[in-house]
Amino acid sequence: MNRIHGRKSYIALPILFSILTAGILYLTVWPAVEPYYGLFSLLLSNEAKQEYNGVNLMEQLEKGEALADQEHISVKDIQFPKEDDQYGEITIEGTSVKAPVFYGDAPKQLNQGVGTYSYGYLPGQQRTVMMAAHTNTWFADLGSAKIGSMITVKTHYGTYQYKIVDAQVKDHQDTTAYDFSRTDENIILYTCYPFGSIGVTPERYFVYGEYVSGPVWVSGD
């Protein structure tokens, strides 16, 4: 019996020592390595730029082919964007935020500009519009947005304005940060926090805006 226990100890102790050593190395080395890991991940994600094959629907607006701003727009008259399509531009009063808006929020869209959560809604649908962008590029100055300032989203079918009513830092898993069950027009912008971070962070910075103006989608029947 003593020999069996001795053999078990001979096997278990090195394993336990290896686990403890790995844990100590993680705690001491990871903080220094994390920024470079994040940069490496960002560089890899930049390869997604080569996969971009969307259409710039804003060219329709420039050519005068899109609908003019009006109070209501028939759904049948709107060309719904597909993934990768640029369908708008966003600016935020009092900040340097000025960026193209794409449909979809995968890395290839976020590398191009501001992405729209494709399981949410578009401006004018009288629901929650959710947009995201990288904290070290397109939304680097999102923190300068003040309560009461205007968010303007110019789309290929009309221009929308939202008044900022709140801004919060929340965990990325906090589902109270958004509400897609709302039946009124509103917008949520978010980015990784702290600002300027490279790589994955556990917190997000959310900016909330209430609808002020812009054409409402109506049934085409």
Side-chain angles (χ1 to χ4, degrees), residues 45 48 52 54-58 66-67 72-92 97-135 137-139 142 145 149-193 200-201 203-220:
S45 69
Y52 172 74
V55 174
N56 185 359
L57 297 178
M58 292 299 289
L67 300 170
H72 297 93
I73 291 182
S74 175
V75 173
K76 67 179 181 180
D77 292 329
I78 299 174
Q79 181 177 346
F80 198 94
K82 298 178 181 179
E83 187 175 277
D84 280 357
D85 285 353
Q86 180 189 344
Y87 72 93
E89 299 169 350
I90 185 173
T91 57
I92 303 177
V97 174
K98 182 178 181 181
V101 176
F102 294 84
Y103 189 65
D105 59 350
K108 59 181 177 178
Q109 289 100 39
L110 297 183
N111 283 329
Q112 298 290 330
V114 176
T116 308
Y117 182 56
S118 54
Y119 292 99
Y121 299 88
L122 293 176
Q125 288 188 285
Q126 304 180 72
R127 302 297 290 268
T128 298
V129 180
M130 194 168 186
M131 297 182 179
H134 288 311
T135 185
T137 54
W138 307 103
F139 272 177
L142 185 61
S149 295
M150 302 299 293
I151 299 168
T152 300
V153 181
K154 182 179 181 182
T155 74
H156 67 289
Y157 53 84
T159 299
Y160 295 81
Q161 287 196 313
Y162 305 86
K163 183 178 181 179
I164 297 176
V165 295
D166 196 11
Q168 298 182 24
V169 176
K170 293 194 174 186
D171 186 84
H172 73 289
Q173 295 181 325
D174 188 348
T175 57
T176 66
Y178 47 86
D179 181 6
F180 293 116
S181 67
R182 288 180 60 169
T183 56
D184 63 305
E185 180 92 14
N186 68 97
I187 193 169
I188 301 174
L189 309 178
Y190 75 96
T191 189
C192 290
Y193 186 84
V200 180
T201 63
E203 293 182 314
R204 301 290 181 269
Y205 187 79
F206 290 88
V207 171
Y208 300 88
E210 298 294 343
Y211 171 80
V212 174
S213 63
V216 174
W217 293 25
V218 294
S219 173

I'd like to know if the side chain of [X] reaches the main chain of [Y], judged simply by a donor and an acceptor atom lying under 3.5 Å from each other, with no hydrogens or angles considered.
X: D85; Y: V55; answer: yes
X: D184; Y: R182; answer: no
X: T128; Y: D179; answer: yes
X: D171; Y: Q173; answer: yes

Could you tell me if the side chain of [Y] sits less than 4.5 Å from the side chain of [X], heavy atoms only?
X: H172; Y: E203; result: no
X: F206; Y: D174; result: no
X: Y193; Y: R204; result: no
X: I187; Y: Y160; result: no

Y117 ring center near F180 ring center (under 6.0 Å): yes
For [X] versus [Y], what's the shortest heavy-atom pair and its separation?
X: C192; Y: T201; answer: CB-OG1, 3.5 Å
X: G158; Y: P215; answer: CA-CG, 4.0 Å
X: G104; Y: Q109; answer: C-OE1, 3.1 Å
X: H156; Y: P81; answer: CE1-CD, 4.5 Å
X: L110; Y: A132; answer: CD2-O, 3.3 Å
X: P100; Y: W138; answer: CD-CZ3, 3.9 Å

How far does [atom1] of [X] sit from [atom2] of [Y], to the nearest 0.5 angstrom?
X: N111; Y: F102; atom1: CG; atom2: CZ; value: 10.5 Å
X: Y162; Y: I92; atom1: OH; atom2: CD1; value: 12.5 Å
X: M131; Y: T116; atom1: CE; atom2: OG1; value: 4.0 Å
X: L142; Y: L189; atom1: CG; atom2: CG; value: 6.0 Å
X: S181; Y: R127; atom1: OG; atom2: CZ; value: 7.5 Å
X: M58; Y: E89; atom1: CE; atom2: CD; value: 4.0 Å

Q112 and D84: side chain to side chain contact (heavy atoms under 4.5 Å, CB included), yes or no, with the steps? CA-CA 9 Å; Q112 298 290 330; D84 280 357; over 6 Å; no
Report the C-alpha separation of T135 and Y205 in whole Å, then their side-chain angles, then the decisive distance to 0.1 Å, and conclude whether the side-chain hydrogen bond (donor to acceptor under 3.5 Å, both in side chains) test is met. CA-CA 9 Å; T135 185; Y205 187 79; over 6 Å; no
Tell me whether the rings of Y157 and Y87 are parallel (<30°), tilted (30 to 60°) or perpendicular (>60°). parallel
Would Y103 and F80 count as a ring pair (Phe, Tyr, Trp, His ring centres under 6.0 Å) if you check the C-alpha gap in whole Å, the side-chain angles of each, and the deciding distance to 0.1 Å? CA-CA 10 Å; Y103 189 65; F80 198 94; 5.6 Å; yes
Please step through side-chain hydrogen bond (donor to acceptor under 3.5 Å, both in side chains) for the pair Y121 and E185, ending with a clear verdict. CA-CA 9 Å; Y121 299 88; E185 180 92 14; over 6 Å; no
List the residues meeting side chain to side chain contact (heavy atoms under 4.5 Å, CB included) with S213, not counting sequence neighbours, and say none if there are none. Q161
Test of understanding: with side chain to side chain contact (heavy atoms under 4.5 Å, CB included), list the residues that count as partners of T137, not counting sequence neighbours. H134
With V207 as partner, the option from T191, D166, I164 fulfilling side chain to side chain contact (heavy atoms under 4.5 Å, CB included) is I164
Enclosure of K170 NZ (heavy-atom neighbours >12, cutoff 6.0 Å): yes
